[in-house]
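Okay, structure first, notes after.
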Protein chains: 2
Amino acid sequence: MSNKRDEIIATTCRLMEMQGYHATGLNQILEESGAPKGSLYYYFPEGKEALAIEAIEHTSRLIAANLRAGMAAHDHPADAITDFLQTLAHYVQTSGFQAGGPITAIALEAASTNEALNAACRDAYQDWQAIVEAKLNEGGYTAVRARRLASLVIAVIEGAIILSRTQRNVAPLLDAATEIGVLLRC
Amino acid sequence: MSNKRDEIIATTCRLMEMQGYHATGLNQILEESGAPKGSLYYYFPEGKEALAIEAIEHTSRLIAANLRAGMAAHDHPADAITDFLQTLAHYVQTSGFQAGGPITAIALEAASTNEALNAACRDAYQDWQAIVEAKLNEGGYTAVRARRLASLVIAVIEGAIILSRTQRNVAPLLDAATEIGVLLRC
DNA sequence: CGGCGATTATAACGACTGGTCTAGTAATTG
DNA sequence: CAATTACTAGACCAGTCGTTATAATCGCCG
């Protein structure tokens with residue numbers, strides 16, 4: 001696996017996280033990654049869409065690893081999830097509200113217009129949700145409620161990121177952290 | 001106020017709700033609204049961005065009206081918000097998972113790259129949040145908690161829409177409805 | 001009916017898009 | 001060292017983008 005190829009993927013992740021799929025052109029990816037145009041098509045002969053899918057998969061693995069670590073950091077799911085949200089809030093703030101929700105924009109852009117991208121996003125969300133659900137199951141919630149709560153947690157993460165980035169304020173993420181904690185101990 | 005102008009705005013709302021700002025080209029808006037190209041610039045001389053801002057403002061007013069009606073439909077905020085989410089779930093499903101979150105994609109695309117669009121989205125979210133917050137205040141929640149919960153509710157709505165549309169399944173919205181109800185009665 | 005403002009129709013523009021192609025250079029291997 | 005494979009660089013392409021310009025047509029009103 002080459003460095004240039006990784007660089008292209010990483011830059012694609014970053015740009016599509018910030019502005020989505022259609023607003024990210026290949027020339028911008030090339031410029032910001034320093035990769036030559038010939039290399040882009042050498043490594044990604046299927047083109048832009050295939051590159052985006054690789055970027056989604058790459059970022060999905062990173063987030064899954066973060067989620068697993070976050071879930072393992074505390075015994076009680078409430079503490080784990082609250083802490084995860086607080087860490088995320090810090091990350092979003094540190095990025096100047098430019099990062100957060102790595103696939104959110106793509107997921108919406110592609111939900112009904114691009115099957116391949118939609119499938120990649122769907123898989124990512126399902127992987128992440130499964131990690132949270134496993135933690136809730138471990139924490140003693142019934143299977144039915146664990147599934148429902150896991151879905152809600154992912155929704156809250158995505159929604160709170162959108163609000164924080166739009167309002168350029170970390171409060172929505174912190175509010176979400178607090179209230180999810182209340183719900184999970186209810 | 002002319003019909004053609006309204007038609008253009010309505011089409012813009014629909015297309016940008018489905019796929020976002022950058023994926024929506026003026027030619028598609030023209031084609032689907034049946035408006036002549038000359039008219040587009042006649043009515044919106046400042047161009048695409050100004051049109052999008054009008055669309056955001058237009059849709060924000062509609063959602064605000066829906067939210068007010070939803071909040072007024074029940075005495076207890078828990079019932080009002082739960083019911084609102086269930087109605088929304090039905091709407092998203094009926095659209096074949098193509099609609100929902102009228103400004104979500106734009107909000108993310110523009111969060112750090114387009115100040116005017118970002119401001120329009122920020123105003124919309126704040127208007128909606130204020131409506132939910134007022135209902136919570138009425139319902140006897142402390143001012144601090146009402147504010148926090150209102151933020152969470154908007155986040156949950158946005159997040160659950162993303163998941164439902166990505167997964168083409170109404171469950172995330174229904175799960176959110178159930179668990180928000182639990183939280184608000186906790 | 002004519003004048004005037006509102007609206008339409010359409011060609012053209014420059015910039016940018018994703019993608020193709022090809023020759024050249026770099027790296028690896030026997 | 002030569003052959004082969006990996007990678008680069010840049011020109012080129014057709015198409016699309018948002019916008020401008022301008023003349024023509026439409027609708028309203030006195």
Side-chain angles (χ1 to χ4, degrees), chain A residues 1-58 105-106 109-110 113-118 120, chain B residues 1-58 105-106 108-110 113-118 120-121:
Chain A
M1 177 64 82
S2 77
N3 281 336
K4 249 328 130 61
R5 191 175 188 277
D6 287 351
E7 195 68 41
I8 291 171
I9 291 177
T11 301
T12 302
C13 289
R14 185 167 57 74
L15 289 175
M16 290 188 178
E17 175 169 349
M18 184 171 70
Q19 60 199 26
Y21 179 78
H22 285 280
T24 300
L26 295 182
N27 288 331
Q28 191 183 8
I29 292 170
L30 293 173
E31 206 174 289
E32 303 204 14
S33 65
K37 188 145 190 187
S39 295
L40 190 137
Y41 283 97
Y42 177 75
Y43 291 121
F44 304 97
E46 308 300 328
K48 181 180 184 180
E49 184 179 293
L51 168 59
I53 287 164
E54 291 238 4
I56 291 165
E57 286 167 357
H58 173 75
I106 307 179
E109 280 182 84
T113 59
N114 185 313
E115 191 56 45
L117 290 178
N118 172 253
Chain B
M1 178 64 82
S2 76
N3 281 336
K4 254 318 134 61
R5 190 174 190 277
D6 288 349
E7 195 68 41
I8 291 171
I9 291 177
T11 302
T12 302
C13 290
R14 185 167 57 76
L15 289 175
M16 289 189 176
E17 175 170 349
M18 183 171 69
Q19 60 199 28
Y21 180 78
H22 286 281
T24 300
L26 295 182
N27 288 330
Q28 191 182 7
I29 293 171
L30 294 173
E31 205 174 292
E32 303 205 13
S33 65
K37 192 144 189 187
S39 295
L40 191 138
Y41 283 96
Y42 177 75
Y43 292 123
F44 303 98
E46 310 299 328
K48 184 182 181 181
E49 183 180 293
L51 168 60
I53 288 165
E54 290 239 5
I56 291 165
E57 287 167 355
H58 173 75
I106 307 177
L108 267 176
E109 281 182 82
T113 59
N114 185 313
E115 190 56 46
L117 290 178
N118 173 252
C121 293

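Letters go in sequence order (proteins before strands), and every chain restarts at 1.
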- Smallest heavy-atom separation, B/Q28 atom then B/A23 atom, equals OE1-O, 4.1 Å

- Picking from A/T12, A/T11, A/D6, what satisfies side chain to side chain contact (heavy atoms under 4.5 Å, CB included) with A/I8? A/T12

- Note on the structure: In numerical order, the residues of residues 23-33 of chain B whose heavy atoms come under 4.0 Å of DNA chain D are B/T24, B/G25, B/L26, B/N27

- Task: Under the salt bridge (charged side-chain N to carboxylate O under 4.0 Å, His left out) rule, collect the residues that match up with A/E32, sequence neighbours excluded.
- Result: A/R14

- Taking all non-hydrogen atoms of both residues into account, name the closest pair between A/H58 and A/C13 and its distance. CD2-SG, 3.7 Å

- Query: Whole Å only: how far is the NE2 atom of B/H22 from the C1' atom of C/dG18?
  - Reply: 17 Å

- Query: Is the distance from OP1 or OP2 of D/dT8 to the nearest side-chain N or O of A/Y42 less than 4.0 Å?
  - Reply: no

- Length of the CG-C1' vector between A/L51 and C/dT17, whole Å: 15 Å

- Query: Separation of B/L40 atom CG from D/dT20 atom P, in whole Å?
  - Reply: 12 Å

- Item | Distance in angstrom units between A/Y21 OH and C/dT17 C1', rounded | 12 Å

- Message: I want to verify a distance call: between D/dT19, D/dA9, C/dT7, whose nearest atom is closest to the B/S39 side chain?
- Response: C/dT7

- Task: Can you see which heavy atom on A/A105 is nearest to which on A/G20, and at what distance?
- Result: CB-CA, 3.7 Å

- Query: Can you tell me how far the CG atom of B/L26 sits from the OG atom of B/S33, to the nearest 0.5 Å?
  - Reply: 10.0 Å

- Query: How close or far is atom C1' of D/dT8 from atom NZ of A/K4, stated in whole angstroms?
  - Reply: 9 Å

- Item | Dot-bracket summary - DNA chain C, pairs being Watson-Crick or G-U whose distances fall under 3.5 Å, with | when paired to another strand | ||||||||||||||||||||||||||||||

- Report the residues that fulfil side-chain contact (heavy atoms from CB on, under 4.5 Å) with B/A10, sequence neighbours left out, ordered by chain and then residue number. none

- Item | Gap between atom CZ of A/R5 and atom CG of A/L40 - 0.5 Å precision | 10.5 Å

- Do A/E109 side-chain atoms and A/H22 backbone N/O form a donor-acceptor pair below 3.5 Å? yes

- Query: Which whole-number value in Å describes the distance from A/K48 NZ to D/dT16 C1'?
  - Reply: 13 Å

- Any chance you could list the contact pattern along nucleotides 20-27 of chain C? Use B for base contacts, S for sugar-phosphate-only contacts and - for none, protein heavy atoms under 4.0 Å, 5' to 3'. B-------

- Message: Please report the interatomic distance CG(B/L108) to CG(B/L117), rounded to the nearest 0.5 Å.
- Response: 12.5 Å

Can you give each donor-acceptor pair under 3.5 Å made by side-chain atoms of residues 44-53 of chain A, sequence neighbours left out, with the distance rounded to 0.1 Å?
| from | atom 1 | to | atom 2 | distance (Å) |
| --- | --- | --- | --- | --- |
| A/K48 | NZ | A/Y21 | O | 3.2 |
| A/K48 | NZ | A/T24 | O | 2.8 |
| A/E49 | OE1 | A/N114 | ND2 | 3.0 |

- Item | Atom-to-atom span, OH of B/Y43 to C1' of D/dG18 - whole angstrom | 20 Å

